[in-house]
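Some notes on the structure that comes next.
Values in this document were obtained by computation on a predicted structure and should not be read as measured data.
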Amino acid sequence: MSKLEAIILLIIAAVGLSLTANLIRFHVSAFLNQLIFSVASLILVELSMYFYGSNHLHWSILLFIITAGYSFKLIGGIVAAIFSLILVYLQTEGTTLALLPVYLLIGSCAGYLSQYLLNKKKNHHRWLNMLMEQSKHLQVFREVSTTMQRTLQQDLLLKVILTSVTAGHGLGFNRAMIFLASNESKSLKGIVGVGPMDVKRGYEVWEKISEDRLKLSELIEHNFDSNFTDPELNALLRSLEIPIDEQNVFGLALSSQKPVIVKGIEKDDPSQILIFELFQTEEFAVIPLINQGKNIGILLIDNIVNKKTITLMDTENILPLANQAAIALDHANLYEQIEEMALRDGLTGLLNQRAFQNILNEHFPFEGSRAAPLSLIIFDIDFFKVFNDKNGHLLGNEVLMKLARVIVESLRPGDYSFRFGGEEFVVLLPGTNLEQAEIVAETIRLNVEKTSFPGEKTQPNGTLTVSVGTACTDHMNINSKNELIEAADQALYKAKNAGKNTVISFKEFVSID
């Protein structure tokens, strides 16, 4: 066989081995891949010896040593070096041990180089994954920040926070719950949660999200729907009130202002036992929501479905969101307080005229609908000008504040009380007909008459009393909000003229022009 023919056959053999190895490598493990690669190089060396003779074996075997070292790192290189020396010794003449250091050096270098490249590749993938994760987090924070800036409504803010924590497109936790702090009772009240009550329900939720391919903004729109939240979870959550105590995990997180990861339930912490019994989770993280030293609440997260361990890095990643959430919730709370103050009378604490218009618009029957009648009571203090002239306005203010408490205590759940200014008060009774309104009005009048007020002995009859007028939308002549107010006012006017300290209802005695 000529030298050219030998070269051609060797090339054909090399190509055949390469194609065969590539065909097999996709169907076996990484270890077998490396083994096939090394064996193929050895076969190629043996074929070279067959065509060219054994004179070149002592250096052609280096291909096998390098291949084995690259495939199996340092150990592979050393084993291949020793094996190669034995193979050369058996198939050639005059070989000495002088080749062993050379083979070991080349095998070690190949192994070290392979390990170095592998470490570089792992680091590259690790950093790439970290960058992708950080990019994802930044995208979540951007969307959440944009959404939070659009609203001061606490309910919507809670929805945004929980969705961004649990969504597959968000930070990826299986479940999240929010507890808000109550400064009056020094406790945490369960408010709302997103996620499943159990593992089975959890898989159904996340499969639904995956099928619909919802984005974070879409999840925010849908996350409180029945498809994505569990009524049982929220019912349990809203029933919880946990004291802020430094002896439990919630108090510890708030006092240290740092997240606390619970890896196993501690038997001496009642709060941990309670969370485990109600929500079947042994591992969770408690993230404090704090703004300028003020305790806003707690964000509790866990992975009830995939059982993924919560790490310190996870809590570090969620802290920027938690801080942003605390600021937004604090601002929303302050806004609600300001709104509440704007709807309240500064002296008595009752609702004011602005609130009256809002609630009246909300409850006034729609045109053509008489299914839910609305009654109105108007009353004022008899001879109150005389009282102020004799006792002064400061004592008059005390009377107004005490009268407001009497009114509130005389009403039923769902009734609304207002101060219109001066000594005039109004009560709205949704879903109440005239006969029922008369009972409430008489209760108010009687309770005022029985209550002892400061300075009332100076009144003409020796007792502080009120005159009351009532009206209801079920009257045929009342078809608008203004007509309802006018009717009750006319009834009050008649009560004044009838001797005061009485209740008069708008029925058939007068018509509205």
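- Note: Leu376 CG to Glu486 CD = 11.5 Å, rounded to the nearest 0.5 Å.
- Residues Arg445 and Asn501 form a side-chain contact, since some pair of their non-hydrogen atoms from C-beta on lies under 4.5 Å apart.
- Checked against the 6.0 Å centroid criterion, the rings of Phe279 and Phe284 do not qualify as a close aromatic pair.
- Residues Glu409 and Arg405 are not paired through a salt bridge, judged by the lack of any N-O separation under 4.0 Å between the basic side chain and the carboxylate.
- Interatomic distance, CG of Leu403 versus CD of Glu398, reported as 13.5 Å (0.5 Å rounding).
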Chi angles and distances behind the side-chain contact (heavy atoms from CB on, under 4.5 Å) call for Ile298, Ile287: CA-CA 6 Å; Ile298 285 290; Ile287 315 294; over 6 Å; no

Criterion side chain to side chain donor-acceptor pair (under 3.5 Å) on Ser410 and Thr443, from CA distance to verdict: CA-CA 6 Å; Ser410 303; Thr443 300; over 6 Å; no

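- Lys186 places no side-chain N or O within 3.5 Å of a backbone atom of Asp245 that could act as its donor or acceptor partner.
- No donor-acceptor distance shorter than 3.5 angstrom exists from the side chain of Asp489 to the backbone of Ile485, with no hydrogens or angles considered.
- Taken from CG in Leu374 to CZ in Phe364, the straight-line distance is 7.0 Å, to the nearest 0.5 Å.
- Closest heavy-atom contact between Phe420 and Gln353: O-NE2, 3.0 Å.
- The side-chain heavy atoms of Phe387 and Val399, taken from C-beta on, include a pair separated by under 4.5 Å.
- Within the 4.5 Å cutoff, the side chain of Leu360 has heavy atoms near those of the Leu428 side chain.
- Side-chain atoms of Ile318 and Leu299, non-hydrogen and from C-beta on, do get closer than 4.5 Å to each other.
- Atom OH of Tyr416 sits in a crowded spot, with more than 12 heavy atoms from other residues, nucleotides or ligands closer than 6.0 Å.
- Not a single donor-acceptor pair under 3.5 Å links the side chain of Thr348 to the backbone N or O of Asp345.
- Judged by distance alone, the side chain of Asn174 and the main-chain N or O of Asn306 form a donor-acceptor pair under 3.5 Å.
- The shortest heavy-atom contact between Asn352 and Phe418 is O-CD2, 3.5 Å.
- Counting all heavy atoms, side chain and backbone alike, Pro430 lies closest to His363 at CB-ND1, 3.7 Å.
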CA sep, side-chain torsions, deciding dist, call: Leu180, Leu188, side-chain contact (heavy atoms from CB on, under 4.5 Å): CA-CA 5 Å; Leu180 292 182; Leu188 291 163; over 6 Å; no

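- Applying the side chain to side chain contact (heavy atoms under 4.5 Å, CB included) rule to Arg238 yields the partners Asn234; only residues at least two apart in sequence or on another chain are considered.
- When ring centroids are compared, Phe179 and Phe250 come within the 6.0 Å threshold.
- Between Glu277 atom CD and Leu236 atom CG the span is 11.5 Å, to the nearest 0.5 Å.
- Looking at Ser375 and Asn433, their side chains never bring a donor and an acceptor atom within 3.5 Å of each other.
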Step-by-step side-chain contact (heavy atoms from CB on, under 4.5 Å) determination, Val305 to Phe173: CA-CA 9 Å; Val305 181; Phe173 295 99; over 6 Å; no

Derivation and outcome, side-chain contact (heavy atoms from CB on, under 4.5 Å), residues Ile444 and Asn447: CA-CA 5 Å; Ile444 294 172; Asn447 287 343; 6.0 Å; no

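- Counting heavy-atom neighbours within 6.0 Å of Lys263 NZ, excluding the residue itself, gives a total above 12.
- If you take CG on Leu319 and CD on Gln257, they are separated by 11.0 Å, rounding to the nearest 0.5 Å.
- At a threshold of 4.5 Å between non-hydrogen side-chain atoms, the residues Val466 and Asp380 do not count as touching.
- Arg412 is listed as a side-chain neighbour of Leu429, based on a closest heavy-atom distance under 4.5 Å.
- Checked against side-chain hydrogen bond (donor to acceptor under 3.5 Å, both in side chains), Arg344 has the following partners two or more places apart in sequence or in another chain: Glu340.
- Of all heavy-atom pairs spanning Ser271 and Asp269, the tightest one is OG-OD1, 2.6 Å.
- Scanning both residues, Ile478 and Cys472, for their nearest heavy atoms gives CD1-O, 3.2 Å.
- For the pair Ala326 and Asn291, the tightest heavy-atom approach, listed with the atom from each and the gap, is O-CB, 4.0 Å.
- Between His475 and Phe506, the angle of the ring planes lies from 30° to 60°, which puts this pair in the tilted group.
- Under the 3.5 Å distance criterion, the side-chain polar atoms of Gln459 are left unmatched by any main-chain donor or acceptor of Leu464.
- Under 4.0 Å is where a charged nitrogen must lie from a carboxylate oxygen, and between Glu438 and Lys507 at least one such pair does.
- Listed by chain and residue number, Asp382 satisfy the side-chain hydrogen bond (donor to acceptor under 3.5 Å, both in side chains) test with Ser467 (two or more places apart in sequence, or in another chain).
- Within the 4.5 Å cutoff, side-chain heavy atoms of Asp330 are placed close to those of Lys294.
- By the 4.5 Å heavy-atom criterion applied to side chains, Thr281 and Arg175 are counted as neighbours.
- With Glu283 contributing its side chain and Val262 its backbone, the two residues share no donor-acceptor pair below 3.5 Å.
- Side-chain N or O atoms of Glu483 include one that pairs as donor or acceptor with a backbone N or O of Asn479 at under 3.5 Å.
- Atoms CZ and CZ, from Phe356 and Arg419 in turn, are 16.0 Å apart once rounded to the nearest 0.5 Å.
- With Val448 as reference, Val406 is the one residue of Val406, Thr463, Ile407 to meet the side-chain contact (heavy atoms from CB on, under 4.5 Å) rule.
- In this structure a side-chain-to-backbone donor-acceptor pair under 3.5 Å is present from Asp314 to Thr311.
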